[in-house]
Each structure stands twice: as structure tokens, then as C-alpha cells.
Engineer: 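Please see the structure below; I have some questions.
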Amino acid sequence: MARLQLAGSRRLVPLPRRAPRLAPLLLPLLLALPDGARADCPCKVPALCRPITHRPDFEVFVFDVGHKTWKHYDWSQITTVVLFSNYDPELMCHAHAKGARAVLRGDVSVKDIINATFRASWIAQQVKLAKTQYLDGINLDIEQDVAHSSPEYYALTALVKETTDSFHREIEGSQVTFDVPWGPNCVGARCYNYTGIADACDFLFVMSYDERCLACSQCIAGANSPYIQTLTGYDDFIKIGINPKKLVMGIPWYGYDYTCQNLSVDHVCTTAKYACRDAVHRQVTYQTIMKQVNSSTSGRLWDKNQQSPYYHYKDQAGHFHQVWYDDAQSISLKASYVQKHGLLGIGMWHANCLDYSGDAIAKQQTKEMWKALKPNLLQRGEK
Ligand SMILES: *[C@@H]1O[C@H](CO)[C@@H](O)[C@H](O)[C@H]1NC(C)=O
Ligand SMILES: *[C@@H]1O[C@H](CO)[C@@H](O)[C@H](O)[C@H]1NC(C)=O
Ligand SMILES: *[C@@H]1O[C@H](CO)[C@@H](O)[C@H](O)[C@H]1NC(C)=O
Ligand SMILES: *[C@@H]1O[C@H](CO)[C@@H](O)[C@H](O)[C@H]1NC(C)=O
């Protein structure tokens with residue numbers, strides 16, 4: 001997802017096998033279990049192991065990276081949760097109890113999938129894992145460079161098609177989605193067959209973040225998800241023929257902290273010219289930002305061109321930093337496009353970024369961030 005965070009993320013582990021302690025007792029029960037529910041179902045109510053088959057009109061697509069903060073998410077909105085980190089059976093049961101899908105995360109080397117035999121066995125493994133864990137599909141997060149018309153280009157479209165066919169055949173009502181960068185024009189060296197991939201799966205999750213290319217911006221800090229650039233990305237996906245109903249807008253619940261080499265009076269933060277990349281900026285979660293913004297040297301500032309909040313602070317070594325992020329205001333501006341252009345839904349990377357501690361101010365901020373996903377509903381409610 002947000003590329004820089006991938007390195008440390010842990011691999012999925014299958015559900016540990018449970019000892020069949022109550023086997024004799026369970027036997028009569030097993031016969032009475034509804035379709036799709038098996039004896040090793042980890043949920044209190046066995047029916048919760050059945051796949052979700054309902055197709056919502058509007059998707060709220062959530063990435064979860066672990067821990068237990070999911071208990072505090074706004075489940076009145078969530079339709080799909082991607083179990084991006086370790087498998088958590090409790091989260092699967094909870095999602096199903098709320099009528100939401102819980103899906104696997106899939107990643108595979110694009111070099112390997114040129115081999116059709118390898119592809120088929122990889123897909124079979126994913127279907128098997130999803131069935132074992134009672135999951136409702138897979139989110140393909142393959143953020144790798146692909147050259148136009150290369151063997152990988154064709155293999156990737158084939159992978160998506162074959163994965164969708166297998167999942168739909170093997171798991172009733174299942175969902176197969178694919179993560180794409182903020183625009184279709186070879187963004188991040190990802191020259192994919194976007195129309196082919198959109199046709200081949202249920203929908204695309206558009207990662208409208210990490211949009212700042214420092215080197216192409218003369219090493220000047222800027223917004224993670226600037227308004228015009230973000231919406232132009234969606235216009236471009238629609239222009240090449242992708243149905244808006246195949247697009248889910250992905251917004252960031254994190255920002256970037258840039259170390260400035262020079263900070264001008266008109267707030268231009270110039271980063272180091274060399275290594276004008278990862279070394280000078282790092283990702284920060286919304287909750288960390290909220291703990292810092294009020295005590296920062298500038299307080300919250302608003303950039304009218306990029307429609308984004310930002311602020312400055314000075315670190316202990318005396319270096320200035322500029323932090324660019326998204327909050328309820330910048331998100332609801334982008335989210336208005338979803339309704340206006342009839343996109344399928346909205347989601348975020350990632351849900352764990354908010355403060356779920358229960359502290360009164362944090363609680364209000366967290367609530368506003370969830371609310372900002374559906375700004376038009378909010379307006380209607382206020383009228
Ligand atoms: C293709 O993949 C299969 C299964 O992983 C493997 O056995 C086979 O050797 C591969 N073929 C090539 C040409 O690499
Ligand atoms: C994209 O994929 C579709 C489906 O496989 C195919 O029909 C189409 O020709 C491909 N487009 C390009 C430009 O490769
Ligand atoms: C750094 O910022 C100061 C204050 O705005 C400005 O006077 C100066 O020209 C800048 N230096 C460089 C190297 O950009
Ligand atoms: C920061 O300031 C804003 C605006 O004045 C206020 O609403 C918010 O509660 C403050 N946050 C904290 C953590 O004090």
C-alpha cells in the first residue's frame with residue numbers, strides 16, 4: 001500500500017489448527033450446521049463463518065494492519081476490511097457479524113506470474129487460504145514496476161482475471177479487488193493494462209496518495225494527496241473507459257514529515273537536493289500529527305492551491321520540518337467527487353492511523369475522520 005511501510009509488514013499466517021477436543025460431542029452438531037459452516041469455525045455463532053454475499057451499493061473499503069483497534073472502527077459504514085497483517089479470526093467474525101466482507105491481501109512477484117503453471121498454483125493457494133480462514137475474497141496489492149506490453153504486462157491482467165474466476169467459482173459472493181496508483185499514465189513505473197484489469201476484477205482501489213514526486217518538484221515539500229492532481233487521476237481513469245462503478249477512492253490517513261534544508265518566510269520548505277527522496281521525508285500517522293500540530297511553531301496552515309493542511313516545527317537539533325497531511329476538511333473535499341461522479345465508494349490507508357484511545361479530543365477527531373468519508377450525507381443531515 002503506502003510503499004514505504006511495506007518493508008516491515010508481516011506475512012499472513014494461517015489459523016493454527018485447533019485440537020479436536022470435542023469431536024464426539026460436535027458430530028451431531030456438525031450435521032445440523034448450516035451450509036458453509038464447518039466445525040473449526042472460530043466464531044461463537046457458526047453461521048458467522050459463512051461468506052458475505054450481499055453486494056452493497058456503496059463500498060467503504062478499509063485496510064487493517066493489525067492490533068485490536070478495529071473494535072473501535074465505525075462499523076456502521078464499513079463494507080470490506082482487508083486483513084493486511086496477521087490473520088485475526090476475531091476480526092473476521094466481527095466483520096461478518098456487521099455484514100462486512102473480510103478479505104485476504106495478495107502479493108506475488110510479477111516475474112513469477114509470467115509462468116502460467118506458477119500462476120495457477122499461486123491462485124489455488126490463495127483460494128485455499130481464504131477458505132480455511134473463512135474470508136470473502138482477496139485484495140491484490142502488487143505495487144511493482146511493469147513496462148507497457150512486456151510479458152509481465154500481459155501476465156498481470158491474466159492473473160487478475162484468473163484470480164477473479166477462481167474466487168467467484170469457489171467462494172460464493174466473494175470479492176476480488178486490485179490496488180492501482182493515483183493515475184493510469186504509468187504512475188510509479190506501473191504501466192498496467194488498467195482497463196483490462198478493471199474488467200477482470202470486481203473493482204479497483206485507487207491509492208490517491210504518495211503523489212508527491214520530490215525530484216520532479218525541485219525538492220520542495222508538498223501535499224501527499226493534492227486536490228487537483230488527485231481528481232485528475234480519476235478523470236483519467238474514467239476517460240480511458242473505466243466505469244466509475246469500478247473505482248473506489250483511496251484517501252490517506254497519514255502524512256509526510258519533511259526535513260527542510262531551508263524554510264522561507266512564505267512557507268516553502270526546500271529539502272536536501274541530494275537524496276531528495278526517502279531520507280528527507282517519512283510517513284506519520286494522523287494521530288501522531290494531531291498530537292503535534294497545536295504545539296508546532298506555525299500551527300495548522302492551509303495551502304489553497306493543493307487544498308491541504310500543513311505545519312512547521314523545529315526539532316531538537318534545530319532543523320525545521322514541514323508536515324503535510326490530510327484531515328476531515330481536505331478529505332471531504334475529495335470525497336465529494338465520489339458522489340458527484342458516481343464512484344463505487346471510498347476507503348483509506350489505513351484505519352489504524354487514528355487515535356482510538358478514548359481521550360475526549362481524540363475521540364472527536366477520530367469521529368470526524370470517519371464522517372468525512374461521506375461528506376454529502378453529512379450536509380444532508382445538517383440541512
Ligand atoms: C513454472 O512453474 C512451475 C510451478 O511452479 C514450475 O514447476 C516450472 O518449472 C516453471 N517453469 C518454468 C519454465 O520456469
Ligand atoms: C487489455 O486487456 C484486455 C483484456 O485482456 C484486452 O482485450 C486489451 O486488448 C488489452 N489492452 C491493451 C492495450 O493491451
Ligand atoms: C532560505 O530562506 C531565507 C528566508 O526566507 C531566504 O532569505 C534565503 O534566500 C533562503 N536560502 C536559500 C538557499 O534558498
Ligand atoms: C488543537 O486546536 C484545535 C483548534 O483550536 C482544537 O479544536 C483541538 O481540540 C486542539 N487539540 C488538542 C489536542 O488540544
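One-based numbering, in listed order, for ligands and for the atoms of each. Remember, predicted model here, so these are calculated numbers, not experimental data.
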Engineer: Starting from the N and O atoms of ligand 1, collect every protein N/O partner closer than 3.5 Å and put each pair on its own line with the distance to 0.1 Å.
Structural biologist:
residue, atom, partner, partner atom, Å
ligand 1, 2 (O), Asn115, OD1, 3.3
ligand 1, 2 (O), Asn115, ND2, 2.3
ligand 1, 11 (N), Asn115, ND2, 2.8

Engineer: Measure the OG1-CD distance between Thr177 and Glu59 for me, rounded to the nearest 0.5 Å.
Structural biologist: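 Output value for this atom pair is 8.5 Å.
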
Engineer: Return yes or no for this condition: an N or O of Asn193 is under 3.5 Å from an N or O of ligand 2.
Structural biologist: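 Between Asn193 and ligand 2, an N or O pair is found under 3.5 Å apart.
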
Engineer: So, taking the atom named CE in Met348 and the one named NE2 in His350, what distance separates them when rounded to the nearest 0.5 Å?
Structural biologist: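 Answer for the CE-NE2 pair, Met348 versus His350, is 10.5 Å.
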
Engineer: To the nearest 0.5 Å, tell me how far Tyr209 OH sits from Gln283 CD.
Structural biologist: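 Those atoms lie 9.5 Å apart.
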
Engineer: Salt bridge check: are Lys291 and Asp355 linked by an N-O gap of less than 4.0 Å?
Structural biologist: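 Between Asp355 and Lys291 there is a salt bridge, with a charged N closer than 4.0 Å to a carboxylate O.
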
Engineer: Which ligand 2 atoms, with their elements, are less than 4.0 angstrom from a heavy-atom of Tyr153?
Structural biologist: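 Contacts of ligand 2 toward Tyr153, numbered from 1: 12 (C), 13 (C), 14 (O).
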
Engineer: Between the side chains of Asp327 and Arg300, is the shortest nitrogen-to-carboxylate-oxygen separation below 4.0 Å, so that they form an ion pair?
Structural biologist: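 Asp327 and Arg300: salt-bridged.
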
Engineer: Does ligand 2 come near enough to His148 that some N or O of the ligand is less than 3.5 Å from an N or O of the residue?
Structural biologist: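 Between His148 and ligand 2 (N or O atoms, distance only) the closest approach is not under 3.5 Å.
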
Engineer: So do the side chains of Asp179 and Leu140 get within less than 4.5 Å of each other, counting heavy atoms only?
Structural biologist: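 Result no, sub-4.5 Å side-chain heavy-atom pair not found.
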
Engineer: Does Lys363 pair with Asp359 as a salt bridge, N-O distance under 4.0 Å?
Structural biologist: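 A salt bridge is absent here (no side-chain N lies under 4.0 Å from a carboxylate O).
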
